Each structure stands twice: as structure tokens, then as C-alpha cells.
2 protein chains.
Amino acid sequence: MAATSRTPSFTAPEAQPPMGLRERKKLKTRVAIRQATYRLIQEQGYEATTIEQIAEAAEVSPSTVFRYFATKEDIVLTDEYDPIMEAVLRSRPLDEPPLESLRLMMREALTSFATAEDEELRQRTRLMVEVPAIRSRMTETMSDTAKVLSQVLADRTGRSADDLRIRVFIAAVLGALREVALYWGEHGQEGDLITMIDEALTALEGGLRL
Amino acid sequence: MAATSRTPSFTAPEAQPPMGLRERKKLKTRVAIRQATYRLIQEQGYEATTIEQIAEAAEVSPSTVFRYFATKEDIVLTDEYDPIMEAVLRSRPLDEPPLESLRLMMREALTSFATAEDEELRQRTRLMVEVPAIRSRMTETMSDTAKVLSQVLADRTGRSADDLRIRVFIAAVLGALREVALYWGEHGQEGDLITMIDEALTALEGGLRL
DNA sequence: AAGTCAAGTGACAGTAACTCTCAAAAGATT
DNA sequence: AATCTTTTGAGAGTTACTGTCACTTGACTT
């Protein structure tokens with residue numbers, strides 16, 4: 001959401017055409033639905049919150065909610081990380097080791113997001129820990145991210161994005177990162193997430209010797 | 001299923017008490033439901049197959065289906081891998097590098113399963129590729145496996161099973177393995193799965209340098 | 001400014017996965 | 001054979017999600 005308006009440093013500096021009334025309304029509805037959802041979940045929990053309640057709170061019909069978000073989980077999960085991560089990763093020098101580039105990428109993406117939308121990040125992590133459906137959907141989402149990142153690494157190494165080595169590489173890294181996030185969430189979100197990620201990546205780099 | 005009856009070499013050799021009629025019937029129902037499900041899915045696809053149809057084909061009521069399996073996905077996914085993997089892993093010498101132990105474990109689990117229930121393995125991999133709900137649930141299932149394996153590694157290294165390093169280790173490995181399976185499934189299940197897993201683990205061992 | 005077109009919305013009906021409850025049936029136990 | 005316990009099926013209910021259709025409301029044309 002807000003990320004979209006905060007990304008000029010990453011996205012190509014194309015001046016967006018000045019949204020018509022229609023698109024402005026659409027965005028407002030989208031935001032309204034998301035905010036209503038977060039509020040209701042905060043108050044009564046995820047499962048207890050129905051689409052009907054969300055629709056009512058956002059002052060739209062249930063049909064409309066489904067028009068904006070494919071599933072209930074998506075209302076919570078939809079984000080704009082991928083383009084940011086892709087841009088950062090592409091901006092790294094070609095001779096930098098891939099793992100190092102990914103480390104920087106994560107650092108960059110997280111710091112910008114964590115300072116701007118800290119509460120949302122925490123809320124989401126909480127849900128990821130507590131609600132299986134959310135966690136599940138998030139994992140699926142990660143495989144989209146994996147595709148994007150694989151493509152970038154493929155471009156940079158001159159291989160196919162479908163190359164097994166690349167896919168395994170990305171899968172291992174994202175699997176590890178997911179686990180760090182889970183751990184952080186399970187332990188009351190204490191400690192510095194970025195440092196923990198750093199350590200995880202260092203472990204991967206060292207060949208996972210335990 | 002059949003795995004249960006094929007595990008004396010791994011599980012402690014406790015002579016099981018000779019199942020009464022009740023338990024035998026339960027097992028039969030379980031098997032009937034699973035077989036009916038696999039058959040119907042084969043014929044009409046996963047989404048098109050309803051619980052009602054499954055119930056009818058297995059000659060039980062829908063209620064009963066839900067009593068045996070929590071979700072539709074579970075009918076397909078339920079397996080007995082975990083105890084086998086745990087047993088193999090525990091049987092490895094303590095001074096063996098963990099990654100090596102895991103490699104052996106996978107090799108062992110897969111060869112025994114792939115020869116005994118080859119068709120089921122392939123069918124399941126197919127579903128994992130084609131049906132998001134199945135893939136999703138399978139990933140969740142993997143996190144149970146992760147807990148088991150983490151516990152074993154914890155015991156072997158004298159750390160807590162909740163140790164971040166252990167969790168990251170396992171997550172990275174399982175993430176990589178999942179990707180290999182997916183790749184294998186997406187490419188028509190050609191090539192030797194075990195070799196591919198071996199290579200993935202070697203990549204991890206070498207520090208993911210691409 | 002009016003008229004046309006396309007996009008967005010709500011009402012409604014329907015499906016299917018699950019949940020809960022309760023009474024009947026069937027196995028286990030004495 | 002009588003009793004106790006587990007398992008089952010029937011039925012009613014909830015909720016996420018799909019599809020259709022008529023209505024409204026911005027956008028564009030002349």
C-alpha cells in the first residue's frame with residue numbers, strides 16, 4: 001500500500017498519470033477493507049472475523065470484498081515487497097556473491113519497511129505465528145517471491161531461471177528466512193530481526209555445519 | 001499406511017497386541033477412504049471430487065470421513081514418514097556431520113518408499129505440483145517433520161530443539177528438498193530424484209555459492 | 001450538456017468444506 | 001446376557017467463496 005507511494009528511490013522515476021476519480025475511489029475502498037479487517041482481527045481474532053463483518057465495517061458489500069481480495073488471507077497479506085526486493089537485487093554489482101546481495105537486499109527491504117510500517121509488520125508476524133491459514137498462504141506467496149528472485153539471479157549468472165541450482169539456492173535461503181521470522185514471532189518479537197537474518201545467512205554461507 | 005506394517009526394521013521391536021475387531025475395522029475404513037479418494041481424484045481431478053462422493057465410494061457417511069481426516073487435503077497427504085526418518089537419523093553415528101546424516105536419511109526413506117509405493121509417491125508429487133491447496137498443506141506438514149528432526153539434532157548436539165541455528169539449518173534443508181521435489185514433479189518426474197537431492201545437499205554443504 | 005460506453009457495485013442464489021449435537025448401533029467387558 | 005464404551009450416521013448450521021444479473025456511476029464523445 002503505502003509502500004507504493006514510498007518507492008521512488010527504487011522504481012523507475014516514471015511520473016504516474018494523475019489518477020482519475022475512479023481509481024482514487026478504488027484505492028480508498030481497498031484501504032478501507034484492509035483497515036477494517038486489521039481492526040476487527042485485533043478486536044476479536046482472525047477466525048472470529050467474518051467477511052460479512054468486514055464488509056459492513058468497510059461499508060461495502062461482501063461481493064465487493066471478494067472482488068478486491070481473492071481470499072480472506074489475502075486481505076491481510078497483500079503487500080508490495082517483491083518489486084522493491086527485485087530492484088535492490090538488480091542494483092547490486094555483478095561480481096558480488098549472490099548470498100551477499102541477498103543479505104543486502106533483505107536489510108534494505110526490512111529497514112525501510114520496518115521503520116515506515118512497523119506496527120503492520122508486527123501484526124502480520126503475529127498472525128503468521130498464530131493462524132495456520134495465514135502462515136500457509138504466506139508460504140505460498142513466498143514462492144512468487146522465489147520466482148522473481150530466481151529470475152534476477154538467472155539474469156545475473158546467465159542461466160535459466162528454471163535451473164535447479166538456482167531454485168534450490170533461493171528455496172534454501174527463503175526457507176531459512178521464513179524460519180527466522182517465525183522464531184522471532186514466537187519469541188515475542190524480541191531481539192533485532194535484521195541481525196538474526198544476518199546470522200542465518202552467514203550459517204548458510206559457511207556450509208551449514210551446525 | 002503400508003509403511004506402518006513395513007517398519008519393524010526401524011521401530012523398536014515391540015510386539016504389538018493383536019488388534020481387536022474394532023481396530024481392524026478402523027484401519028479398513030481409513031484405507032477405504034484413502035483408496036476411494038485416490039481413485040476419484042484420478043478420474044475427475046481433485047477439486048471436482050467432493051467429500052460426499054468420497055464418502056459414498058468408501059461406503060461411509062461424510063461425518064465419518066471428517067472423523068478420520070481433518071481436511072480433504074489430509075486424506076491425500078497423511079503418511080508415516082516421520083517415524084522412519086527419525087529412526088534412521090537417530091541410528092547414525094554421533095560424529096557424522098549432520099548434513100551427511102540427513103543425506104543418508106533421505107536416501108533411506110526414499111528408496112524404501114519409492115520401491116514399495118512408487119505409484120503413490122508419483123501421484124502425490126503430481127498433486128503437489130497441480131493443486132495449490134495440497135502443496136500448501138504439504139508445506140505445513142513439513143513443519144511437523146522439521147520439529148521432529150530438530151529434536152533429534154538437538155539431542156545429538158546437546159542444544160535446545162528451539163535453538164535458532166538448528167531451526168534455520170533444518171528449514172534450509174527442507175526448503176531445498178521441497179524445491180527439488182517440485183522441480184522433479186514439474187519436469188515430468190524424469191531423472192533420479194535421489195541424485196537430485198544429493199546434489200542439492202552438496203550445494204548447501206558447499207556454502208551456496210552458485 | 002447530453003448521450004453513450006465501460007467499469008464497479010450490490011443483491012441473490014448456490015456450492016462445498018467443515019463443525020456440532022444427539023441418538024442409534026456395534027464392539028468390548030464382566 | 002447385561003452393561004459400558006466407542007463408533008457411526010443423520011441432520012442442522014456456519015462460512016468462505018463463485019457466478020449471474022440488473023443497476024449505478026465515472027469516463028469519454030460529440
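The sequence lines fix the lettering, A, B, ..., with proteins before strands; numbering per chain opens at 1. A quick note: this is a predicted structure, and the numbers were derived from the prediction, not measured.
Distances shorter than 4.0 Å separate none of the side-chain N or O atoms of A:Lys72 from OP1 or OP2 on D:dT15. Note on A:Tyr68: every side-chain N or O is 4.0 Å or more away from OP1 and OP2 of C:dG8.
For A:Gln123, the side-chain hydrogen bond (donor to acceptor under 3.5 Å, both in side chains) test picks out A:Gln42, A:Arg126, with sequence neighbours left out. For B:Asp198, the salt bridge (charged side-chain N to carboxylate O under 4.0 Å, His left out) test picks out B:Arg103, B:Arg107, with sequence neighbours left out. Residues forming a ring-ring contact (aromatic ring centres under 6.0 Å, His included) with A:Tyr183 (at least two apart in sequence, or on another chain): A:His187.
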Checking salt bridge (Lys or Arg N to Asp or Glu O under 4.0 Å) for the pair A:Arg167/B:Glu186: CA distance, chi angles, key distance, verdict?
CA-CA 13 Å; A:Arg167 286 180 58 171; B:Glu186 284 173 12; 2.9 Å; yes

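For the helix from C:dA1-D:dT30 to C:dT30-D:dA1, the axis fitted to the five pairs at one end and the axis fitted to the five pairs at the other end meet at an angle of 20° (nearest 10 degrees).
Inspection of the B:Ser136 and A:Ser136 side chains reveals an N or O donor paired with an N or O acceptor under 3.5 Å.
The CG atom of B:Leu77 sits 10.0 Å away from atom CE of B:Met128, with the distance rounded to the nearest 0.5 Å. One finds the CG atom of A:Leu149 at 11.0 Å from the CD1 atom of A:Ile166 (value rounded to the nearest 0.5 Å).
Atom CD of A:Gln44 is surrounded by more than 12 heavy atoms from other residues, nucleotides or ligands within 6.0 Å. Atom CD of A:Glu56 has 12 or fewer neighbouring heavy atoms from other residues, nucleotides or ligands inside a 6.0 Å radius. Counting heavy-atom neighbours within 6.0 Å of A:Gln189 CD, excluding the residue itself, gives a total above 12.
At a non-hydrogen distance threshold of 4.0 Å, A:Thr50, A:Ile51 from residues 50-57 of chain A come into contact with DNA chain D.
The residue among B:Pro62 and B:Lys26 whose nearest nucleotide of DNA chain D lies closer to the 5′ end is B:Lys26.
Rounded to whole angstrom, the span from the NZ atom of B:Lys28 across to the C1' atom of C:dA26 amounts to 15 Å. Here the C1' atom of nucleotide D:dC17 and the CD atom of B:Glu47 are 13 Å apart, to the nearest Å.
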Base-contact (B) and sugar-phosphate-only (S) positions in nucleotides 18-30 of chain D, heavy-atom cut-off under 4.0 Å, - elsewhere
B------BBS---

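With respect to A:Glu117 and A:Arg124, no salt bridge is recorded, no charged nitrogen being found less than 4.0 Å from a carboxylate O.
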